[in-house]
**Q** 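Below: one structure in structure tokens.
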Amino acid sequence: MKKQKKQYKPQEAEEKWQKFWEKEKIFKFNEKSKKKIYSVDTPPPTVSGKMHIGHAFSYAQQDFVVRYKRMKGFNVFYPFGTDDNGLATIRLIEKEKKVKAFDLGREKFIELVLKTLKEDLRPKYVADWKKLGMSCDWDIFYTTIDEHCQRISQRSFIELYKKGREYRKRSPFFWCPECQTAIAQVEMEDKTQKSDFVYMKFDTTLGKKIVIATTRPELMAACVGIFVHPKDKRYKDFVGKEAILPFYNKKIKIKTSVDADPDFGSGAVYHCTFGDMDDVEWLAREGVKPIEIVNKDGTLNEKAGFLKGLKIKEARKKIISELKKAGKIEKIEKIEHVVKVHERCGADIEILMTEQWFIQYLNLKKQMLVWGKTLGWFPRYMRVRYENWVKGLKWDWCISRQRYYGIPIPVWYCKNCGEVILPSEEDLPVDPLKDKPKKACKCGSKDFEGEKDVLDTWATSSLTPRLAVELMPKALWKSLFPMDLRPQAHDIITFWLFNTVVKSQLHYKKNPWKDVMISGFVLDPEGKKMSKSKGNVIAPQDVFERYGADALRYWAASSKLGEDLPYKEKDLITGKKFVTKILNASRFVFMNLKSGEKPARPKKLHETDRLFLSQLNQIIKNATENFEKYEFSKVKNEVDNFFWKDFCDNYLEIVKNRVYSDNEEEKKSALFTLYASLLTILKIFSPITPFITEEIYQRYFRKLEKDKSIHISNWPEQVKINERKGDKEKYKLLIEILGKVRQGKARKQRSVKSPIVLYLDKKTQEKLKDLLSDLKAVTNAEEIKEDKFKVEFV
RNA sequence: GGGCCUGUGGUCUAGUGGUUUAUGACGUCGCCUUUACACGGCGGAGGUCGGAGGUUCGAUCCCUCCCAGGCCCACCA
């Protein structure tokens with residue numbers, strides 16, 4: 001009767017090993033070690049409820065590389081942080097706790113957020129990363145809202161201010177009326193929207209009417225000019241005259257501008273402050289003063305006259321109907337156009353004049369390109385995205401946000417003379433609304449006003465290398481920074497990567513890391529983007545539950561670095577099968593190693609074993625080279641193929657006869673080779689599937705190998721054998737003949753085990769003379785006779 | 001509209017500095033209860049390597065254009 005085998009349950013085993021690693025501090029960064037440091041700028045995920053499949057995918061990929069480096073002997077610095085100081089966190093808490101920040105008030109809201117994060121959200125969130133098998137040192141942990149990070153972030157602000165890089169200015173900037181805060185270029189997204197394209201008829205001092213086409217009629221009160229194209233004959237006579245705004249009875253000069261497209265709308269455009277980006281550009285060019293009619297909450301003010309108090313969209317409706325009544329509308333076209341919305345809340349963005357803090361960097365574009373060139377990009381082509389972004393920059397970096405929750409901008413203003421007062425570094429972090437400057441202002445006044453605004457979340461997350469490094473004793477900072485690697489996905493090259501480079505250069509005049517490794521995206525099974533609204537989102541938590549983290553990682557390793565990968569259920573099944581297969585292969589090897597001793601190397605390796613080991617050496621070489629280039633998918637592909645085809649299907653079958661035989665020398669050679677190659681295969685797989693490889697290592701190898709965990713064992717070195725020219729061809733010939741015999745048997749519908757007489761020509765027999773005994777055994781040939789290749793059944 | 005990437009048997013994927021049987025997986029079909037594994041083994045069928053041109057003796061691979069998908073960016077009032 002067959003023995004009942006204990007089935008491997010990935011969920012249980014993975015939890016067990018994860019706890020083991022944590023308890024035994026396997027991934028602890030050693031502050032005292034003299035070994036070379038490998039430091040990683042782990043992306044701190046935004047606390048947003050749950051880890052999603054895209055996270056699992058890209059964090060798995062970075063973990064492959066980090067685990068490899070650790071086995072290569074580096075003292076790995078692999079911290080973990082969570083990003084929880086931004087709008088995303090605010091929205092999450094508002095949703096979870098069913099509150100509104102503005103209703104609750106500043107202090108109470110901050111208290112609620114911090115408490116909820118600490119006690120509930122963060123631990124649950126981080127647990128997913130542990131389940132994934134991230135090999136971080138969890139003791140090196142930061143959250144972007146904690147005191148440590150506040151201190152560094154505020155210090156960065158102060159330093160850049162002192163360097164003359166920061167300024168506060170009232171200027172047109174993107175504003176979200178819903179969130180009531182300034183937002184950055186990068187926080188906006190496009191939305192296609194249906195709008196009314198209104199053709200308005202204005203009287204002019206020429207006596208004739210001029211038609212203006214706009215989607216923003218409600219901004220009429222803010223109109224400061226009208227443009228027509230200089231070559232547009234229709235309007236030749238209008239240029240220099242004035243148009244009269246209906247309802248407001250204001251006269252507006254008609255001017256020429258090449259930006260007025262004669263083929264679009266009526267060919268005449270009115271310049272409002274501010275309907276869109278063009279309006280901002282024109283303002284500077286024309287040297288006119290803006291008319292501010294939009295309030296921060298998205299309503300119109302008294303300058304809008306009869307539209308006062310209405311929200312923008314209501315005002316639009318109202319003015320259209322009034323224009324209709326007054327007979328001032330020529331026509332209304334329904335158009336679809338793209339508007340800017342806030343990515344967090346979806347509200348239409350307005351451009352308002354507000355007081356904001358900026359980091360001046362538009363004048364650094366050239367340098368930025370150089371910085372990008374000196375980074376190691378993997379894959380290489382990702383650099384282009386950075387460059388395109390730099391070339392397209394139009395604004396300085398607005399770093400202030402009008403929120404309750406976040407890191408305060410550490411500034412007071414003197415009420416008497418307006419002077420900007422900064423705290424000194426040892427007093428950081430400060431809350432300028434609670435704390436007071438320690439000295440009087442230069443002017444003698446002690447009357448200050450604290451800055452109410454907080455820093456943009458990117459102003460802090462762009463400091464992650466420092467946030468992590470400065471958790472260590474100061475003596476180590478130099479060897480930890482610049483860091484070796486920044487891993488991340490390609491969607492945030494323009495935010496996080498770019499901003500981090502900028503900050504590091506402004507502060508330290510060097511890049512924050514040596515290399516960046518850019519992961520792709522997970523797509524749905526049809527190759528489309530996953531989104532909650534489409535309902536095609538895969539939860540990694542379910543995947544862990546059903547297939548295990550190893551299977552998920554195995555799948556994540558099958559995609560080339562930087563490439564997007566569709567999620568396919570079947571690929572997870574393949575991963576699970578792999579786990580079973582390698583467990584069984586290991587069982588076979590150790591079933592035959594009863595002595596409990598590490599098999600010694602025989603005086604002379606059997607020729608089959610020598611050839612097999614030479615194949616193995618090639619795999620080691622390639623795997624190492626590919627890992628150095630962050631090409632984990634090539635590693636996985638090759639070693640997977642080698643394991644499945646060469647090791648299991650062929651080598652194991654070939655040496656079975658010797659493993660079972662009494663010929664001690666030949667047996668010894670086989671066992672030595674089995675042990676060495678299995679351990680090597682395990683080690684190469686261990687960065688990719690850390691749990692099953694640890695399970696096997698602990699189950700079988702631990703008592704024979706010195707290392708406490710496979711993950712801190714040495715990366716495999718090539719086995720010393722006498723490699724000869726033609727080894728590869730010889731091995732291939734052996735496998736080819738084996739294949740042909742199997743084919744011959746299958747065609748005759750015989751069992752693989754069925755006995756045969758094998759015919760090989762003289763030349764082949766000579767070439768393979770020291771392999772013939774193994775070949776005879778594996779094909780179950782009673783005899784090998786000399787003739788053209790033939791399989792004869794007996 | 002611009003940039004970058006991708007497009008390989010039904011599905012996903014490897015690959016090539018250009019030329020012989022284009023890789024593997026899943027699926028499918030046939031066979032095999034072979035003592036590591038039936039969550040297995042062996043074998044078979046299945047591809048004009050997105051489309052059209054071009055360079056070449058010869059292109060899946062190089063060039064041009066087009067089409068489709070992904071990501072990023074810009075955007076017409």
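Quick note on labels: first sequence line is chain A, next is B, and so on, each numbered from 1.
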**Q** Strictly by Watson-Crick or wobble contacts shorter than 3.5 Å, is anything paired with B/U64, and which nucleotide is it?
**A** B/A52
**Q** Tell me whether the OP1 or OP2 atom of B/A25 has a side-chain N or O from A/K645 closer than 4.0 Å.
**A**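 Yes, within the criterion.
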**Q** Any donor-acceptor pair, under 3.5 Å, between the side chain of A/K581 and the base of B/C37, if you only look at N and O atoms?
**A**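 Present.
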**Q** On RNA chain B, check which nucleotide each of A/A585 and A/D640 is closest to and give me the residue with the more 5' one.
**A** A/D640
**Q** If only atom types and distance count, is the side chain of A/K745 paired as donor or acceptor with the main-chain N or O of A/V752 below 3.5 Å?
**A**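 Yes.
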**Q** Look at A/Y8 and B/C37 and indicate whether a side-chain polar atom (N or O) is within less than 4.0 Å of OP1 or OP2.
**A**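 Negative; the distance criterion is not met.
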**Q** In the structure shown, which nucleotide is the Watson-Crick or G-U wobble counterpart of B/C71, with both distances under 3.5 Å?
**A** B/G3
**Q** Without placing hydrogens or testing angles, list every side-chain donor-acceptor pair under 3.5 Å for residues 629-638 of chain A, not counting sequence neighbours.
**A**
| residue | atom | partner | partner atom | Å |
| --- | --- | --- | --- | --- |
| A/Y630 | OH | A/D515 | OD2 | 2.7 |
| A/E638 | OE1 | A/N622 | ND2 | 2.8 |

**Q** In this structure, how many angstroms lie between the C1' atom of B/A74 and the CH2 atom of A/W389, rounded?
**A** 11 Å
**Q** What residue among A/K313, A/R216, A/K340 forms salt bridge (charged side-chain N to carboxylate O under 4.0 Å, His left out) with A/D348?
**A**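 Exactly one option meets the salt bridge (charged side-chain N to carboxylate O under 4.0 Å, His left out) with A/D348, and it is A/K313.
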**Q** Within the pair A/Q743 and B/G44, is there a side-chain N or O less than 4.0 Å away from OP1 or OP2?
**A**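 True: A/Q743 side-chain N/O within range (under 4.0 Å) of B/G44 OP1/OP2.
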**Q** If the P atom of B/C5 is compared with that of B/A14, how far apart are they to the nearest Å?
**A**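 Approximately 16 Å lies between the P atom of B/C5 and that of B/A14.
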**Q** How close or far is atom C1' of B/A36 from atom CG of A/L678, stated in whole angstroms?
**A** 11 Å
**Q** Please tell me if A/K656 has a side-chain N or O lying less than 4.0 Å from either OP1 or OP2 of B/A36.
**A** yes
**Q** Could you check which of B/A77, B/A14, B/C12 has an atom nearest any side-chain atom of A/D571?
**A**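 Nearest nucleotide to the side chain: B/C12.
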**Q** Between A/A746 and A/R750, which is nearer to the 5' end of RNA chain B once each is assigned its nearest nucleotide?
**A** A/R750
**Q** Quickly work out the A/I493 CD1 to B/C71 P distance and round it to whole Å.
**A**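 Result: 14 Å.
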**Q** Which nucleotide, if any, forms a Watson-Crick or G-U wobble pair with B/G40, using both distances under 3.5 Å?
**A** B/C32
**Q** Write down the distance between OH (A/Y554) and C1' (B/C12), rounded to a whole number of angstrom.
**A**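 From A/Y554 OH to B/C12 C1': 13 Å.
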**Q** Give me the distance, rounded to whole Å, that separates B/G7 from B/U34 when you measure between the C1' atoms they each carry.
**A**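 Their C1' atoms lie roughly 43 Å apart.
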**Q** Below 4.0 angstrom from OP1 or OP2 of B/A74, is there any side-chain N or O of A/K391?
**A** no
**Q** Please give the nucleotide sitting opposite B/G18 as a Watson-Crick or G-U wobble pair, both distances under 3.5 Å, or none.
**A** none
**Q** Whole angstrom is fine here: how far is it from CD1 in A/I756 over to P in B/G43?
**A** 14 Å
**Q** Under a 4.0 Å N-O cut-off, is there an ion pair linking A/E729 with A/K732?
**A**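 Salt bridge flag = no for A/K732 with A/E729.
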**Q** Expressed as a whole number of Å, how far does the C1' atom of B/U28 sit from that of B/C63?
**A** 40 Å
**Q** Using both distances under 3.5 Å as the test, list the Watson-Crick or G-U wobble partner of B/C76, or none.
**A** none
**Q** Any side-chain N or O of A/K748 less than 4.0 Å from the OP1 or OP2 oxygen of B/G30?
**A** no
**Q** Would you measure the distance from the C1' atom in B/A68 across to the matching atom in B/C29 and give it in whole Å?
**A**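 My reading of the C1' atoms in B/A68 and B/C29 gives 33 Å.
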**Q** Taking only side-chain nitrogens and oxygens of A/W555, does any of them come within less than 4.0 Å of OP1 or OP2 of B/U13?
**A** no
**Q** Indicate yes or no for a side-chain donor-acceptor contact from A/T273 to the backbone of A/I291 under 3.5 Å, with no hydrogens or angles considered.
**A**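 Between the backbone of A/I291 and the side chain of A/T273 there is a qualifying donor-acceptor contact (under 3.5 Å).
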**Q** For the C1' atoms, the ones on B/C49 and on B/G3, what distance do you get once it is rounded to whole angstrom?
**A** 26 Å
**Q** Report yes or no: do A/Q615 and A/Y731 form a side-chain donor-acceptor pair below 3.5 Å?
**A**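 Short answer, no.
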**Q** Can you check whether A/K394 has a side-chain N or O nearer than 4.0 Å to OP1 or OP2 of B/C75?
**A**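 Yes, because at least one side-chain N or O of A/K394 sits under 4.0 Å from OP1 or OP2 of B/C75.
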